[in-house]
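For reference, the structure discussed in these notes is given below.
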Amino acid sequence: MDLNVILSQLETVGEEDVEELLRQYIRKNRHTFSFDPKEESLRIKLCQSVLSVLGRQVKPGCQKTCLETLRILSRDKRVLAPVATREGMLILGGMARMKAGRDGGNNRIVSREDAPSEEEEEEEERVVVVEALKCLCNVVYNSPAAQQVSVDVQLADGLCATLRTARTWHHEVGLFTLRLLFLVSALRADVRGVLRRELRAVALLTEVLEHTLGVSWVGPYECARPDPQAVAMPAEDNERTMEALKALFNLTLSDTGEKEDDHHFRLIAAILCHLLMLKTETEKKTEEAHSHAINLLNNLPVSCLDVLIDVPVQGGLEMYGGKNMDAVQMLIDFMEKRMDKQGSNYKEGLTPVLSLLTEGSRQHREIRRYIKAQVLPPLKDVKIRPEIGTTTRNKLVRLMTHVDMGVKQTAAEFLFVLCKESVDNLLKYTGYGNAAGLLVARGLLAGGRGETQYSEDEDSDTEEYKSAKPFINPITGHVEEPMPNPIEEMTDEQKEFEAQKLVNMFDKLSRQNVIRPMGVRPDGTLAPLEETLCDQPEDSGSDSD
């Protein structure tokens, strides 16, 4: 049916006819995401008309149809002006079981205290709530004006009040409540501060995770290990978990330094450790949940990462000081899956877990020792270049020369920390050519160590490595087959001619600024060759005529 016809009849027909007219529009546009620009003004009027209907006392069935229509219209950010108003947002908040109230004379949204429990709630009413939440998600996402109005009507307060009823949530109500909280916290940095400091949203979301994942505490920051024979986590629980993790990620982007925050961060770390041990109904969803957990772990203070391995009640491995390395092993497995995934975006998919493992290894000796045993075992076969092969070490060394600067630096830093930030140890596993980028960036071309303090080195070299060490090419990091000497049969005159020819070629390229000869300063940083020559200490003990 033509939009003009629908609009002309909406204001004159009864409630049942309104439903029928809007159902026709819904059937036609259910899968429409790109709208005709010529009908933009008509769709704006339709938004106004639908809001007008919702403002009246109509039955839940009519409310549902109106909200479905509005959800379709809200896909077009150019027609949201009628909705992105105080009145429009309050109407949608009311439909989403959040009521308008008065606070200092200003309308705002708060959670309804008289909301019936899930058992008492009729299916029709629940569908209305879900549709209203979906509309709010679309409107907030697509309209900066609606984002500002959501602040004015204190939408965040209503959402946090709703979080307190999480144990009685129907799945979709909880899912879209959490999604709306994620959107608000992602799009409004000022709201993030209010959510965290005044509304204590971090604690509320932690409780949501605890309830959804069925966490059982056996210590202050220690969760009982999941039963290996237990049924996989249902898909619905996993969906709500991921939305809560995304919202928590936004709220933990900065550390306020408060002691109360440290307590909640350690609780979150323990819950995330529990989540890493869980599996969902599909491997893809499990990996997705673990990815969100890793992103959130990166936001937590590195001091909290000891929660991943410190399990005094359940015990751990004696060789690692009684620490449990199950969660660390899951992180290593996740890293290897992401490295093996063809065509994956390493920057988004791999660098978070590499950064997490790097910081964990830098701050916690047991984590570093365990990861090094898995990633950089003692060298035996040094006849193959470090970047060639299928081991985890080979894959990481290949990433050290990746085209993406962020990926390259993160992989190199990870291996450097595993080597206790010792240049000599790093070159042993990677070769100078692969490590040059990191050494230039860190000013360590002359050798030495990074700034972090580590325990004394342990001798982990194998007999095979010790015997082959004198023959290893330090640039490539492996023992090369003897190559024929190209100047062996040349006369001295021919050698001098070729040397002069090479000098002339370098001189020409240097004069044309194609290349620039560089040297290494005493502090290990690169500089133009003429500067490094000036920096060389004079030999005061030499004889002079």
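- Remark: side-chain polar atoms of Arg393 are not paired, donor with acceptor, to backbone N or O of Leu376 under 3.5 angstrom.
- Atom CD of Gln148 sits in a crowded spot, with more than 12 heavy atoms from other residues, nucleotides or ligands closer than 6.0 Å.
- The closest side-chain donor-acceptor pair between Gln374 and Thr392, if any, does not fall under 3.5 angstrom.
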Inset, instruction - Just do the side chain to side chain contact (heavy atoms under 4.5 Å, CB included) check on Leu159 and Thr177 with the steps written out, would you? - result: CA-CA 7 Å; Leu159 288 170; Thr177 298; 3.9 Å; yes
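- One N or O on the side chain of Glu222 and one on the backbone of Val313 form a donor-acceptor pair closer than 3.5 Å.
- Counting only heavy atoms from C-beta outward, the side chains of Leu195 and Asn250 never approach each other to under 4.5 Å.
- Side-chain contact, Asn324 with Gln314: no donor N or O sits under 3.5 Å from an acceptor N or O.
- Judged by distance alone, the side chain of Arg97 and the main-chain N or O of Val129 form no donor-acceptor pair under 3.5 Å.
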Inset, instruction - Verify side chain to side chain contact (heavy atoms under 4.5 Å, CB included) between Met335 and Phe414, making sure each step is shown before the conclusion. - result: CA-CA 12 Å; Met335 174 189 72; Phe414 175 50; 3.9 Å; yes
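- Side-chain N/O atoms of Glu421 and Thr452 include a donor and acceptor closer than 3.5 Å.
- The nearest pair of heavy atoms linking Leu276 to Leu331 is CD1-CD2, 4.0 Å.
- Ion pair Glu172/Arg126 not flagged as a salt bridge, since none of the NZ, NE, NH1 or NH2 atoms sits closer than 4.0 Å to an Asp/Glu carboxylate oxygen.
- Here Glu359 contributes atom CD and Ile367 contributes atom CD1; the two are 11.0 Å apart, rounded to the nearest 0.5 Å.
- Checking side-chain atoms of His402 against main-chain N and O of Gln409 turns up no donor-acceptor pair under 3.5 Å.
- Nearest heavy-atom pair, Thr351 versus Gly406, reported as atom, atom and distance to 0.1 Å: CG2-O, 4.3 Å.
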Inset, instruction - Go through the steps for Val130 and Val173 under the test side chain to side chain contact (heavy atoms under 4.5 Å, CB included), then give the verdict. - result: CA-CA 6 Å; Val130 173; Val173 173; 3.9 Å; yes
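- Taking CE of Met330 as the reference point, atom CG of Leu308 lies at 12.5 Å (rounded to 0.5 Å).
- Across all their heavy atoms, Leu178 and Glu243 have their closest contact at CB-CB, 3.7 Å.
- The two atoms that bring Met339 and Tyr346 nearest to each other are O-OH, 2.9 Å, heavy atoms only.
- For the atom pair CG of Leu175 and NE2 of His170, the computed distance is 10.5 Å after rounding to the nearest 0.5 Å.
- Side-chain atoms of Thr165 never come within 3.5 Å of backbone atoms of Thr168 as a donor-acceptor pair (strictly under, hydrogens ignored).
- Val311 has its side chain out of reach of Val218: every pair of non-hydrogen atoms, C-beta onward, lies at least 4.5 Å apart.
- Between Tyr454 and Arg362, some side-chain heavy-atom pair lies under the 4.5 Å cut-off.
- With a 4.5 Å cut-off on side-chain heavy atoms, Leu445 and Tyr432 count as touching.
- Annotation for Met518: atom CE counts as buried by contact number, over 12 foreign heavy atoms lying within 6.0 Å.
- By the 4.0 Å N-to-carboxylate-O rule, Arg179 lies too far from Glu239 to be salt-bridged with it.
- No donor-acceptor pair closer than 3.5 Å links the side chain of Ser291 to the backbone N or O of Glu287.
- Annotation for Lys395: atom NZ counts as buried by contact number, over 12 foreign heavy atoms lying within 6.0 Å.
- Enclosure of atom OH in Tyr141 is not indicated, since only 12 or fewer non-hydrogen atoms of other residues, nucleotides or ligands lie within 6.0 angstrom.
- Between Leu183 and Cys137 the shortest side-chain heavy-atom distance falls below 4.5 Å.
- Side-chain contact between Glu464 and Val382: absent, with no pair of heavy atoms (C-beta onward) separated by less than 4.5 Å.
- Within the 3.5 Å criterion, the main-chain N or O of Met233 finds no donor-acceptor partner in the side chain of Thr280.
- Side-chain N or O atoms of Arg398 include one that pairs as donor or acceptor with a backbone N or O of Gly389 at under 3.5 Å.
- Between Arg188 and Asp190 there is a salt bridge, since at least one side-chain N of the basic residue sits less than 4.0 Å from a carboxylate O of the acidic one.
- Listed here is the closest heavy atom pair of Phe182 and Ser185: O-OG, 2.9 Å.
- Side-chain contact between Tyr429 and Leu415 is absent, with no heavy atoms from C-beta onward closer than 4.5 Å.
- Residues Lys347 and Pro352 share a closest heavy-atom pair of O-CD, 3.8 Å.
- A donor-acceptor pair is defined here as one N or O able to donate and one able to accept, closer than 3.5 Å; no such pair exists between the side chain of Glu387 and the backbone of Asn394.
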Legend entry - Derivation and outcome, side chain to side chain contact (heavy atoms under 4.5 Å, CB included), residues Thr430 and Leu438: CA-CA 11 Å; Thr430 68; Leu438 173 76; over 6 Å; no
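- Interatomic distance, Met242 CE to His290 NE2, rounded to the nearest 0.5 Å: 11.0 Å.
- The closest side-chain heavy-atom distance from Asp310 to Lys323 is below 4.5 Å.
- Using a 4.0 Å cut-off between charged nitrogen and carboxylate oxygen, Arg369 and Glu366 do not count as a salt-bridge pair.
- Between the side chains of Arg368 and Gln363, no donor N or O sits under 3.5 Å from an acceptor N or O.
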